[in-house]
Amino acid sequence: MGDMELVEALRRQGISDKRVLEVIHELDRATFVPESMRSAAGQDSPLPIGYGQTISQPFIVAFMTQALNLQPGERVLEIGTGSGYQTAVLARLCGEVYTVESVAELALPARERLGQLGFNNIHFRVGDGTAGWPEDAPFDAIMGTAAPERLPPALYQQLRPGGRLVLPVGPLHGSQELIRVTRPSAGGERPRVEKLLGVRFVPMISAPPPAFLH
Ligand code: SAH
């Protein structure tokens with residue numbers, strides 16, 4: 001079952017990447033929201049998924065995915081698994097997805113849901129995503145679906161030369177900017193930073209450093 005009306009709405013808002021639209025058409029967003037929200041799942045709006053978190057607005061999911069410009073076979077790091085909807089979109093468009101979620105109560109159902117849907121190219125971790133996933137770095141692309149105040153250095157460091165990172169940054173409770181950072185292919189060059197869109201995301205909460213560092 002797909003979301004054809006949703007796809008039409010996204011097209012009208014300027015989403016043009018055919019592969020992104022196709023994946024959103026194929027995935028049933030209702031599978032990713034709580035039972036009580038199912039009837040609203042086809043609307044282009046964010047919805048609560050519990051624990052104070054939200055499944056992102058489909059336009060934002062499509063826009064951010066399009067901005068990453070994924071190539072088949074690429075390895076992608078995602079911070080903020082949430083419902084797993086964005087994770088599923090990424091997993092359809094690339095080789096492997098590594099996804100980190102700080103709330104175990106969201107990460108575990110997301111893993112189960114994506115397993116039931118047949119995905120076998122997604123690696124899950126519960127923890128603080130501002131540290132990235134050093135063991136499997138570098139990544140071709142990185143996406144954050146929660147907003148830190150500024151770009152966590154570990155995420156930029158885990159991008160391969162030529163890799164792309166799409167992330168909202170800004171004040172924890174206010175309007176933020178969606179940015180795309182492209183790591184230069186050659187050493188010595190500066191990263192390219194593009195401001196794409198004004199957005200409003202839940203904050204990316206970083207874990208406090210270990211007590212002995214205080
Ligand atoms: N892509 C998800 C968005 C969920 S909202 C979806 O469409 O369903 C953002 C998620 O980021 C929340 O689930 C929140 O718990 C998580 N999050 C916040 N700070 C985090 C951190 N430091 N590390 C990992 N996940 C984090």
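Counting convention: from 1, in listed order, for ligands and their atoms alike.
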Any heavy atom of [X] sitting closer than 4.0 Å to ligand 1?
X	answer
T81	yes
A110	no
P148	no

Show which atoms of ligand 1 fall inside a sub-4.0 Å distance from at least one heavy-atom site of [X].
X	answer
L106	13 (O)
V103	15 (O)
V202	5 (S), 9 (C)
G127	23 (N), 24 (C)
Q86	1 (N)

Note to self: Is there a polar contact, in the sense of an N or O pair closer than 3.5 Å, between D128 and ligand 1?
What the structure shows: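 Yes; the residue has a nitrogen or oxygen that sits under 3.5 Å from a nitrogen or oxygen of the ligand.
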Notebook entry, point to check: Looking at ligand 1, does any of its N/O atoms fall within less than 3.5 Å of an N/O of G129?
Noted result: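 Yes, G129 has an N/O under 3.5 Å of an N/O on ligand 1.
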Next item on the list: Treating Ile, Leu, Val, Met, Phe, Trp and Tyr as nodes and any side-chain heavy-atom pair under 4.5 angstrom as an edge, say whether L108 and V97 lie in one connected cluster.
Entry: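 Looking at the clustering, V97 is in a separate group from L108.
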Notebook entry, point to check: Can you hop from F201 to I205 via hydrophobic side chains spaced under 4.5 Å?
Noted result: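 Result: no, two separate clusters.
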Next item on the list: Let me know which of T99, T145, V76 forms a side chain to side chain contact (heavy atoms under 4.5 Å, CB included) with T87.
Entry: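 The single option meeting the side chain to side chain contact (heavy atoms under 4.5 Å, CB included) with T87 is T99.
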Can you pull out the closest protein heavy atom to [atom]? Residue, atom name and distance to 0.1 Å, please.
atom	answer
atom 20 (C) of ligand 1	S102 OG, 3.4 Å
atom 9 (C) of ligand 1	T145 O, 3.3 Å
atom 11 (O) of ligand 1	G80 CA, 3.2 Å
atom 12 (C) of ligand 1	Q53 OE1, 3.2 Å
atom 22 (N) of ligand 1	I205 O, 2.6 Å
atom 5 (S) of ligand 1	T54 O, 3.1 Å
atom 7 (O) of ligand 1	S56 N, 3.2 Å
atom 18 (C) of ligand 1	P203 O, 3.6 Å

Give a yes or no answer on whether the side chain of [X] reaches the backbone of [Y] with a donor-acceptor pair at less than 3.5 Å.
X	Y	value
R192	P184	no
D17	Q66	no
D28	T31	no

Next item on the list: Just say parallel, tilted or perpendicular for the rings of H123 and Y98, cut-offs at 30° and 60°.
Entry: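 It falls in the parallel class, under 30°.
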Next item on the list: Evaluate salt bridge (Lys or Arg N to Asp or Glu O under 4.0 Å) for E26 paired with R92, printing each intermediate quantity in order.
Entry: CA-CA 10 Å; E26 284 163 15; R92 283 276 172 89; 3.0 Å; yes
Checklist line | Side chain, backbone, both or neither: I55 near ligand 1, heavy atoms under 4.0 Å | finding: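 Both the backbone and the side chain of I55 come within reach of ligand 1.
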Next item on the list: Have a look at ligand 1 and work out which part of E101, if any, has a heavy atom under 4.0 Å from it: side chain, backbone, both or neither.
Entry: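 For E101, the contact with ligand 1 is made by both the backbone and the side chain.
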Notebook entry, point to check: Side chains of L77 and V100: closer than 4.5 Å at any heavy-atom pair?
Noted result: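 Yes, close enough: below the 4.5 Å cut-off.
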Notebook entry, point to check: When you check the side-chain N and O atoms of Q158 and D136, is any donor under 3.5 Å from an acceptor?
Noted result: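 The answer is no; no qualifying pair exists.
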Notebook entry, point to check: How many angstroms lie between atom CE of M204 and atom CD of Q176, to the nearest 0.5 angstrom?
Noted result: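 Rounded to the nearest 0.5 Å, the CE-CD separation comes out at 10.5 Å.
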Note to self: If you take the nearest heavy atom of each of G82, P58, S83, which one is closest to atom 8 (O) of ligand 1?
What the structure shows: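 Selected option, by shortest heavy-atom distance: S83.
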Item checked: Name of the residue among R164, R160, R183 meeting salt bridge (charged side-chain N to carboxylate O under 4.0 Å, His left out) with D140 ->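 The residue from R164, R160, R183 that satisfies salt bridge (charged side-chain N to carboxylate O under 4.0 Å, His left out) with D140 turns out to be R160.
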Margin query: Between R180 and E194, does any side-chain N to carboxylate O distance fall below 4.0 Å?
Written below: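 E194 and R180: salt-bridged.
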